[in-house]
Amino acid sequence: MNGAAKGAVIGGVFLAMLGGAGYGVYALVGDAGGEGGTSTKAGDAAYRPEKGSGPVTEKETAETAKAFLAAWAAGDDRTAADLTNNATAAQTAVADYKAKAYISKAVITPGAAKGDTVPFTVAAEITYEGTTKPLAYESRLTVVRGVTSGKPLVDWQPSVIHPELQKDEKLRAGAPASPPVKLVDRNDEELTAEKYPSLRPLLDQLRETYGSKAGGKTGAEVWIEPAVANTPKRTLLTLVEGEPSVLKTYLDAKVQAAAEKAVARFPEASVVAVKPSTGHILAVANHRQDGYNAAMAGTRAPGSTMKIVTAAMLLDRGMVAADKPADCPKTVSWGGRPFHNLKNFDLPAGTTFATSFAKSCNTAFIKQIKPVDDDSALSKEAKEVFGIGLDWKTGVKSTDGKVPAATGAEAAAAYIGQGQITMNPLNVASITATARTGVFRQPLLVSPELDGRTIATAQRRMKPAVQQQLVSMMRLTATEGTGQKAMASVGGDKGAKTGSAEVGGGGSPDSWFTGFSGDMAAAAMVEGGGHGGDAAGPIVASVLSSS
């Protein structure tokens with residue numbers, strides 16, 4: 001089938017109809033035959049913005065918007081482009097609207113200008129291979145003064161064409177490269193973006209990666225073409241249903257639902273839950289304005305949740321023992337930099353290392369740097385036992401934790417999860433899962449048998465004595481330490497570790513919290529959320545209580 005037959009708009013007739021005085025209704029009208037008809041060009045309106053100075057007036061905004069929308073409606077990409085401050089990008093987008101998004105008809109209804117902004121609605125029809133479906137949406141444009149020309153011009157943004165378009169993204173229609181998939185959880189319950197909004201980017205990635213491998217047949221869709229290569233498309237509308245294959249994940253719909261609800265309570269929040277006995281990812285949820293999957297791809301300092309790894313290293317090397325004293329003064333200096341505990345607290349002489357861990361005493365950990373006398377000790381423990389930095393292949397894009405060797409003040413900061421250390425909730429949930437069982441099991445979202453990918457394995461398992469002491473200290477944290485309040489609602493055998501990380505030297509610190517209950521480990525992070533128990537803690541507790 002040739003291109004003209006596929007898209008009814010190509011070769012068709014475009015009419016710009018102006019209704020009433022001032023603003024009216026603009027329409028694109030195309031015929032499927034692709035021949036005959038007349039054309040009214042936007043240029044007939046003969047609007048040529050005049051040079052001015054200062055902020056644009058409301059009259060200039062109204063006139064410029066009217067002329068631009070008329071040109072767009074008429075399919076006159078050159079005229080429309082010349083009425084913007086980025087003619088090259090605008091001309092391509094307006095031309096592609098009919099040629100590559102297959103818009104066969106659109107009625108554009110502007111609202112009244114307000115200052116430099118004009119809202120408008122679009123009621124469009126997309127025709128592809130004989131199928132026509134409606135696509136309706138609202139958008140807006142802003143008029144600005146041209147920097148060199150001084151003329152009022154539409155401030156060109158992709159969102160003018162469609163509100164979900166971001167920088168360098170494109171609106172497209174046709175047959176997608178990847179067939180549709182029906183994603184199900186570990187119990188075969190269907191997972192949809194409508195029911196679990198946080199999963200949308202993951203579902204798109206899974207389709208892109210495994211749609212062809214899982215089988216199924218491609219239909220036809222309208223989608224947003226991403227600006228970054230190897231980033232999944234975002235489907236806006238299904239034109240022709242394909243034949244989906246079933247792709248099973250390790251997610252648990254019940255846990256996912258709890259995670260979605262939990263992160264919704266706090267802005268910029270993320271959480272991950274994993275199953276320690278298998279490494280299977282049970283839930284991933286984000287509540288963020290930017291839509292970023294910070295739960296799996298974030299790179300933030302984890303604060304005192306890192307003390308799980310530091311404690312394991314110190315126990316591993318015999319520097320401390322859970323039931324032996326570990327001094328916790330108000331402050332301590334290392335590498336020429338002072339370090340202190342939250343609100344400068346200290347603990348009485350003779351306090352055990354377990355209590356210092358449970359109370360999240362920074363100084364008790366930093367005082368051990370000199371006895372350890374190994375700049376790479378923490379980095380080795382993280383990689384060899386906890387699998388941090390081993391190139392995890394979860395089934396979707398994820399970022400590995402980073403624990404570089406450090407000296408001086410940076411080493412002290414690293415011991416308490418600051419400095420150059422970066423993690424995300426997936427990494428920290430895995431650290432807790434490893435502590436829970438003593439064995440690193442790389443987190444997995446889908447089975448590696450789908451594509452034969454290699455799974456990371458740690459060099460060695462945790463020593464049984466280390467694992468027993470570590471878990472006992474996490475239990476103490478959940479019942480008598482900094483995690484007590486947040487974990488009060490969690491039943492069964494439970495453990496936790498709080499964390500707060502100062503980022504950028506100002507504002508409220510990031511809130512971190514991780515914990516386990518039974519065969520589930522979870523970690524959460526809330527950017528700017530403050531103390532770990534205040535924001536991230538309730539999120540983790542809700543997730544752990546869902547099973």
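Throughout, numbering of the chain's residues begins at 1 and tracks the sequence.
For the 3.5 Å distance criterion, the side chains of E125 and T132 fail to qualify, holding no donor opposite an acceptor. Residues T422 and T299 bring no donor and acceptor atom of their side chains to less than 3.5 Å of each other. A donor-acceptor contact closer than 3.5 angstrom is absent between the side chains of Y292 and N286. When only modelled atom types and interatomic distance are considered, E138 and T121 share no side-chain donor-acceptor pair under 3.5 Å.
Checked against the 6.0 Å centroid criterion, the rings of H287 and F266 do not qualify as a close aromatic pair. Aromatic rings from F440 and F386 are positioned such that their centres are separated by 6.0 Å or more.
From N293, atom CG reaches atom NZ of K397 across 11.0 Å, with rounding to the nearest 0.5 Å. Rounded to the nearest 0.5 angstrom, M462 CE and T437 OG1 are separated by 7.5 Å.
T92 places a side-chain N or O within donor-acceptor distance of the main-chain N or O of T88, the cut-off being under 3.5 Å. Using modelled atom types, no side-chain atom of S198 and backbone atom of A285 make a donor-acceptor pair closer than 3.5 Å. Between the side chain of D155 and the main chain of V143, no donor-acceptor pair closer than 3.5 Å is present. At distances below 3.5 Å, at least one donor-acceptor pair connects side-chain atoms of S139 with backbone N or O atoms of S159.
By the 4.0 Å N-to-carboxylate-O rule, D82 lies close enough to R78 to be salt-bridged with it. With salt bridges taken as basic N to acidic carboxylate O contacts below 4.0 Å, one links E169 and R234.
Under the salt bridge (Lys or Arg N to Asp or Glu O under 4.0 Å) rule, E221 has a single partner from K233, R207, R172, which is R207. When each of D204, L206, L183, L251 is paired with L199, the side chain to side chain contact (heavy atoms under 4.5 Å, CB included) condition holds for L251 and for no other.
No side-chain heavy atom of T238 sits under 4.5 Å from any side-chain heavy atom of V222. Taking the side chain as every heavy atom from C-beta outward, I126 and S104 never approach each other to under 4.5 Å. For the pair V284/L202, a side-chain contact is recorded, criterion being any heavy-atom separation below 4.5 Å from C-beta on.
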- Task: Please step through side-chain hydrogen bond (donor to acceptor under 3.5 Å, both in side chains) for the pair S277 and D519, ending with a clear verdict.
- Result: CA-CA 7 Å; S277 62; D519 194 18; 2.6 Å; yes
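The two atoms that bring T514 and I308 nearest to each other are CG2-CD1, 3.8 Å, heavy atoms only.
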